[in-house]
Amino acid sequence: MSSTRSDRHRAGGKPLDDYEGLAVLFESAQRGDRAALGLIAETLTPMLWQVARAQGLDRERSADAVQTAWLRLLGSLSDIHSPLALTGWLVTVTKRVAWSMRNELRAGELVGLLADEQVVDPTPPPEEQAVFADRRARLWDAVSRLSHRCRELLRVVAFVNRPEYAEISAALDMPKGSIGPTRGRCLAQLRKQLLADQEGSWR
Amino acid sequence: MNPIDPDSPRGELDELDVEILHEVRWLWESVDPVPDDLVDRVKFAVELEDADVEVVRIAEHCEVAGVRGDVRSRLITFAGDTLDFMVNVQAMGDGTLRVDGWISPPAAHPVEVRARGGPLRTSANEDGRFALDRVPAGLVQFVIRPKGRGSAVSTPTMTL
C-alpha cells in the first residue's frame with residue numbers, strides 16, 4: 001500500500017489488517033490472475049524490502065533481491081498451499097537471494113560497501129514534530145541495543161499481521177516460540193527497555 | 001500466585017506489544033523507506049506470463065554521459081546460469097530509448113523488451129546481437145526465451 005509520509009505518521013505505521021482479503025487474492029493468483037498477484041505484491045513488498053535490507057545489502061541490490069523472489073514465485077505458486085506459506089516462502093527466498101548477492105560481493109572484495117545496516121539515519125525529517133522525534137530517538141536507542149537477530153526479527157514482523165508472526169520467525173530461522181501467541185524473547189527485551197524509559201511513557 | 005510474569009517472553013501478546021510493533025514499523029519506514037518505485041516494478045515484473053523464470057542478476061551498471069548533454073546511455077551487464085547478456089540503452093531525448101544488446105554465448109534467441117504500452121519483440125542474430133528502437137522510457141524488463149528451452153530468462157524490472 002502506498003501512503004504518504006504524513007499518513008504513516010498519523011497511523012503510526014499500522015500493518016494491514018485484511019488478512020482474509022489476502023486469502024481471496026491468493027486463490028485468484030493461484031488460478032493465474034496476475035493482477036491479484038500484483039495486489040498481494042503491494043501488501044508484502046514493503047516487508048520483503050526490510051528482509052533484504054536486514055542482510056546488509058545496499059538499496060539497489062535489495063530492490064533486485066525482492067524482485068527476484070517475486071519472479072521466482074511465478075514458477076512455484078502452484079506448490080504453495082496457503083497465504084501464510086506464501087509469506088514464509090517469499091521471506092525465505094528473499095533472504096537467500098540477498099545472502100547470495102552479498103557473498104558474491106564479498107568474493108569480489110567489495111566488503112567495504114556492506115557495513116551492517118550502514119544506511120540508517122535516524123534523523124527525523126525537518127517537518128516532524130518534536131514529540132515524535134523524541135519518541136523515535138528513544139525507540140531507536142532501544143532497538144539498537146537488541147541483538148542483530150532480534151532486531152532483524154522485529155524489523156520484519158512489524159510489517160505483517162499477528163497470524164503471520166510464527167511463519168516469519170520460522171522463515172528467518174529463529175528458534176520456535178520466538179514470537180507468536182507468546183511475546184518471545186526479542187519483543188520482551190524491547191518492551192522491558194521501553195517500559196524502563198519513564199520519560200518515553202510507553203505504558 | 002501467577003505462574004507467568006505477564007511482561008515475560010512467555011506472556012501473551014497484548015495491546016502494548018502491538019503498539020510497540022506499530023512503532024517499530026514506523027521507525028523502519030522512516031529510516032529505511034522502501035524505494036518509491038519498487039512496488040510498481042514488482043507489479044510490472046509479475047505480469048510476465050511465463051511461469052518458469054530464471055532471473056539474471058545485474059553484474060554491472062554504468063552510466064555514460066553522451067557527447068550532447070541530452071543524450072545519455074547506460075551499459076548494463078546481466079549474468080545468469082543459462083546465459084549472460086549486455087545492453088546499451090540510449091535515451092533519445094524524445095521519451096524513447098534505443099537498445100543494443102549482445103547475448104553470450106551467442107545464438108539467435110527471441111528477445112522481448114517489456115515496457116509500458118506492451119511488449120516489443122525481436123530476435124538476436126547468430127552473433128547474439130539485437131537492437132530495438134523506440135522503446136518507451138520508464139519501466140523496462142528484458143526477457144530472453146532461449147531456443148529449445150521451456151524457461152525464460154528475465155531481468156528485474158528497471159526504470160530506464
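Bear in mind the structure is a predicted one, so any value in this text is a computation, not a measurement. Below, read A as the first sequence line, B as the second, and so on, with proteins coming before strands; counting in each chain starts at 1.
- Note: A/Leu139 leads A/Leu139, A/Leu44, A/Leu37 in heavy-atom pairs under 4.5 Å with chain B.
- No more than 12 heavy-atom neighbours from other residues, nucleotides or ligands sit within 6.0 angstrom of CG on B/Asp36.
- Shown here for A/Arg59 and B/Asp32, the closest heavy-atom pair between the two residues is NH1-OD1, 3.0 Å.
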Could you walk me through whether B/Leu27 and A/Arg135 satisfy the side-chain contact (heavy atoms from CB on, under 4.5 Å) test, starting with their C-alpha distance in whole Å, then the side-chain angles of each, then the deciding distance to 0.1 Å, before giving a yes or no?
CA-CA 10 Å; B/Leu27 179 74; A/Arg135 193 168 166 98; over 6 Å; no

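- With rounding to the nearest 0.5 angstrom, the CZ atom of A/Arg138 is 12.5 Å from the CD atom of B/Glu23.
- In plain terms, the two heavy atoms of B/Pro9 and A/Thr182 that are nearest each other are O-CB, 3.6 Å.
- Residues of residues 152-160 of chain B that come closer than 4.5 Å to chain A, counting heavy atoms only, are B/Ser154, B/Thr155, B/Pro156, B/Thr157, ordered by residue number.
- Contact check for B/Arg25 versus A/Gln50: no side-chain heavy atoms found under the 4.5 Å cut-off.
- Sorted by first and then second residue, the salt bridge (charged side-chain N to carboxylate O under 4.0 Å, His left out) pairs involving residues 87-99 of chain A (not counting sequence neighbours) are A/Lys95-A/Glu152.
- Contact count versus chain A (heavy atoms, under 4.5 Å) is highest, among B/Asp40, B/Asp14, B/Val53, B/Asp7, for B/Asp7.
- The side-chain heavy atoms of A/Trp70 and B/Leu48, taken from C-beta on, include no pair separated by under 4.5 Å.
- Ranking B/Leu13, B/Val18, B/Val42, B/Val55 against chain A, the residue ahead of the rest is B/Leu13, based on heavy-atom pairs under 4.5 Å.
- The candidate with the highest count of non-hydrogen atom pairs below 4.5 Å against chain B, out of A/Ala41, A/Gly184, A/Ser76, A/Gly75, is A/Gly184.
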Full working for side-chain contact (heavy atoms from CB on, under 4.5 Å) between A/Tyr165 and B/Leu21:
CA-CA 11 Å; A/Tyr165 290 175; B/Leu21 285 171; 3.4 Å; yes

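- Looking at A/Leu190, the atoms closer than 4.5 Å to chain B (heavy atoms on both sides) all sit in the side chain, from C-beta outward.
- Using a 4.5 Å cut-off between heavy atoms, A/Glu60 touches chain B through its side chain atoms alone.
- In this structure, chain B has no heavy atom under 4.5 Å from any part of A/Leu73.
- Among B/Ile20, B/Asp17, B/Leu16, the one residue that satisfies the side-chain contact (heavy atoms from CB on, under 4.5 Å) test with A/Arg183 is B/Asp17.
- Across A/Ala188 and B/Ser8, no two heavy atoms sit closer than the pair CB-C, 4.1 Å.
- In the displayed structure, B/Trp102 atom CH2 is contacted under 6.0 Å by more than 12 heavy atoms of other residues, nucleotides or ligands.
- B/Leu38 and A/Trp49 make their closest contact through CD2-CE3, 3.9 Å (heavy atoms, listed as atom of the first residue, atom of the second, distance).
- Considering only heavy-atom pairs separated by less than 4.5 Å from chain B, the leading option among A/Val156, A/Leu71, A/Thr45, A/Val143 is A/Leu71.
- The environment of A/Arg145 atom CZ is dense: over 12 non-hydrogen atoms of other residues, nucleotides or ligands sit within 6.0 angstrom.
- With sequence neighbours left out, A/Ser78 forms a side chain to side chain contact (heavy atoms under 4.5 Å, CB included) with no residue at all.
- In this structure, A/Trp140 has its ring center closer than 6.0 angstrom to the ring center of B/Trp28.
- Listed by first and then second residue, the side-chain hydrogen bond (donor to acceptor under 3.5 Å, both in side chains) pairs that reach into residues 42-58 of chain B are A/Glu42-B/Lys43, A/Glu104-B/Arg57, B/Asp50-B/Arg145, B/Glu54-B/Thr82, sequence neighbours excluded.
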